[in-house]
Amino acid sequence: RDEAIIVSLAAENLNRFRDFFSWDTLSLPAENPDILAVRALKTRLQSELCVDTTRTFAVGFSGGGFFTNSLGCYGEDLSAIAVFEGGFEDGSDTSGDPANLIDLESCVGGPTPALIVAATSDGTVPSSFGVAAAAHWADVGGCAATLSADPFDAECRAYDSWADADVVLCEPTDGSI
């Protein structure tokens, strides 16, 4: 019998942004309150429940998508990730503020299967953020830089010649995700 443990978390307002709540996607894990909270929660759940640690996934939308990429980047033992309308704080930010960047070279997470959905009509998160995140996971996973059409969805493409992890990039044009 298959069972699942589903945990839904909400971001805390860190006062980095005035108008909305967001995850801390920039601080390194040792001083990142959100990553430390996720680690503590995982430890507690594993001590109280029968958790199959080989089947642990993270899904995030928008700021949660950025945070999901950060969890994978910092090696949080995830089986796979799904990111909707998110990316990395990796230099795609145009504000010029160096505090808005994450150094992808500091990522210690290994090959991670990933589904990245980046709507081309999103007015908040440019699809280039999702495209860059998919390229990062494809590179880490040993994929070729080429993409092939997904037979099930015309707006999705999979990276070719994956070695260690499947990476799929979907770019819906109508804004639906």
Side-chain angles (χ1 to χ4, degrees), residues 1-14 16 21-90 101-118 125 129-144 147 150 152-153 156-170 177:
R1 179 173 142 196
D2 290 331
E3 296 180 351
I5 300 166
I6 299 173
V7 178
S8 176
L9 303 173
E12 184 177 328
N13 191 343
L14 301 176
R16 286 189 176 187
F21 294 94
S22 187
W23 297 95
D24 184 346
T25 59
L26 301 172
S27 301
L28 293 174
E31 60 236 9
N32 185 313
D34 293 328
I35 289 178
L36 294 173
V38 167
R39 288 177 179 173
L41 180 60
K42 281 176 64 177
T43 298
R44 181 173 178 183
L45 290 172
Q46 290 170 0
S47 72
E48 296 177 5
L49 303 169
C50 182
V51 176
D52 181 348
T53 58
T54 65
R55 294 169 55 178
T56 305
F57 306 91
V59 178
F61 175 79
S62 194
F66 281 87
F67 186 61
T68 296
N69 276 319
S70 294
L71 289 172
C73 169
Y74 293 126
E76 294 304 309
D77 298 323
L78 297 170
S79 303
I81 62 172
V83 174
F84 296 84
E85 304 308 314
F88 279 106
E89 309 285 1
D90 65 351
L101 304 177
I102 186 171
D103 179 10
L104 291 179
E105 298 300 318
S106 68
C107 288
V108 297
T112 304
L115 167 64
I116 308 293
V117 180
V125 179
F129 281 55
V131 170
H136 168 77
W137 293 118
D139 182 54
V140 170
C143 301
L147 292 154
D150 184 295
F152 302 106
D153 189 326
C156 295
R157 296 171 293 148
Y159 278 86
D160 294 325
S161 305
W162 64 274
D164 298 315
D166 286 329
V167 177
V168 175
L169 171 64
C170 298
I177 53 172

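Between Val168 and Cys156, the shortest heavy-atom contact is CG1-CB, 4.1 Å. Of all heavy-atom pairs spanning Ala133 and Gly87, the tightest one is CB-CA, 4.0 Å. In this structure, Ser62 and Val125 approach most closely via the heavy-atom pair OG-CG2, 4.2 Å. Contact between Ala58 and Leu71 at its shortest, heavy atoms only, is CB-CD1, 4.4 Å. Between Phe67 and Ile35, the shortest heavy-atom distance links the atoms CE1-CG1, 3.7 Å. When all heavy atoms of Val167 and Ala134 are compared, the closest pair comes out as CG1-O, 3.6 Å.
Within the 4.5 Å cutoff, side-chain heavy atoms of Asp52 are placed close to those of Arg55. Contact check for Leu45 versus Val7: side-chain heavy atoms found under the 4.5 Å cut-off. The shortest side-chain heavy-atom distance between Tyr74 and Leu28 falls under the 4.5 Å cut-off.
Note that the OG atom of Ser70 and the CG atom of Asp34 stand 9.5 Å from one another [nearest 0.5 Å]. For the atom pair CG of Leu78 and CZ of Phe57, the computed distance is 9.5 Å after rounding to the nearest 0.5 Å. Atoms SG and CG, on Cys143 and Asp160 in that order, are 8.5 Å from each other to the nearest 0.5 Å. Atoms CZ and CZ, on Phe61 and Phe84 in that order, are 9.5 Å from each other to the nearest 0.5 Å.
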Test log, rule side chain to side chain contact (heavy atoms under 4.5 Å, CB included), inputs Cys170 and Leu115: CA-CA 8 Å; Cys170 298; Leu115 167 64; 3.9 Å; yes

Verdict with supporting geometry, Arg157 and Asp150, side chain to side chain contact (heavy atoms under 4.5 Å, CB included): CA-CA 5 Å; Arg157 296 171 293 148; Asp150 184 295; 5.9 Å; no

Side chain to side chain contact (heavy atoms under 4.5 Å, CB included) between Thr112 and Val140, worked out: CA-CA 8 Å; Thr112 304; Val140 170; 5.9 Å; no

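Proximity of a side-chain donor or acceptor of Asp24 to a complementary backbone N or O of Asn32 within less than 3.5 Å is not detected. The main-chain N or O of Val51 is never found under 3.5 Å from a side-chain atom of Thr53 such that the two would form a donor-acceptor pair. Checking side-chain atoms of Ser79 against main-chain N and O of Thr56 turns up a donor-acceptor pair under 3.5 Å. No donor-acceptor distance shorter than 3.5 angstrom exists from the side chain of Thr68 to the backbone of Val83, with no hydrogens or angles considered.
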Check residues 37-44 and write down every donor-acceptor pair under 3.5 Å in which the side-chain atom is one partner and the other belongs to a residue at least two apart or another chain.
unit_1, atom_1, unit_2, atom_2, d
Arg39, NE, Glu76, OE1, 3.0
Arg39, NE, Glu76, OE2, 3.0
Arg39, NH2, Glu76, OE2, 2.6
Lys42, NZ, Glu76, O, 2.9
Thr43, OG1, Arg39, O, 3.0
Arg44, NE, Glu48, OE2, 2.9

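In Asp77, the CG atom is not crowded: 12 or fewer heavy atoms of neighbouring residues, nucleotides or ligands sit closer than 6.0 Å.
Using cut-offs of 30° and 60° on the angle between ring planes, the pair Trp137 and Phe88 is tilted.
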